[in-house]
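Atom set for the values below is all heavy atoms of this structure, side chains included, hydrogens, waters and symmetry mates excluded. In what follows, residues are counted from 1 in the order of the sequence shown.
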Amino acid sequence: SVSRTYILDSVAPSAPFFSSSNPVSPSSSLAPTLTGSAEANSSVEVFANGSCTTSLGTTTANGSGVFTFNPTPTANITNTYYAQATDAAG
């Protein structure tokens, strides 16, 4: 007989958060590197300026839950970034 292991993940991940940006704000860089934490191996989608309808892109948190994201350069304006994590549970 063959045994199989089944893991049920029915809990959505906690909200990810940004822990740093490089360079530190304010800066003349139009494309900072954002670093944060999320559930390990979750997909992290990044949004800007309160508009959680238009995604800037996605990245994946590593096995320790650390992620980095490099947004596409934007005009010389102030940006506020938001993130949402998704795992197998949604």
Which atom pairs, donor and acceptor, lie under 3.5 Å between side-chain atoms of residues 57-71 and protein residues at least two apart or in another chain?
unit_1	atom_1	unit_2	atom_2	d
Thr59	OG1	Thr68	O	3.0
Asn62	OD1	Ser64	N	2.8
Asn62	OD1	Gly65	N	3.0
Asn62	OD1	Val66	N	3.0
Asn70	ND2	Thr33	OG1	2.6

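When the side-chain contact (heavy atoms from CB on, under 4.5 Å) test is applied to Ser14, no partner is found at least two apart in sequence or on another chain. For Gln84, there are no side chain to side chain donor-acceptor pair (under 3.5 Å) partners at least two apart in sequence or on another chain.
With hydrogens and angles disregarded, no donor-acceptor distance shorter than 3.5 Å links the side chain of Ser43 to the backbone of Thr86.
Counting all heavy atoms, side chain and backbone alike, Tyr82 lies closest to Ala48 at CD1-C, 4.5 Å.
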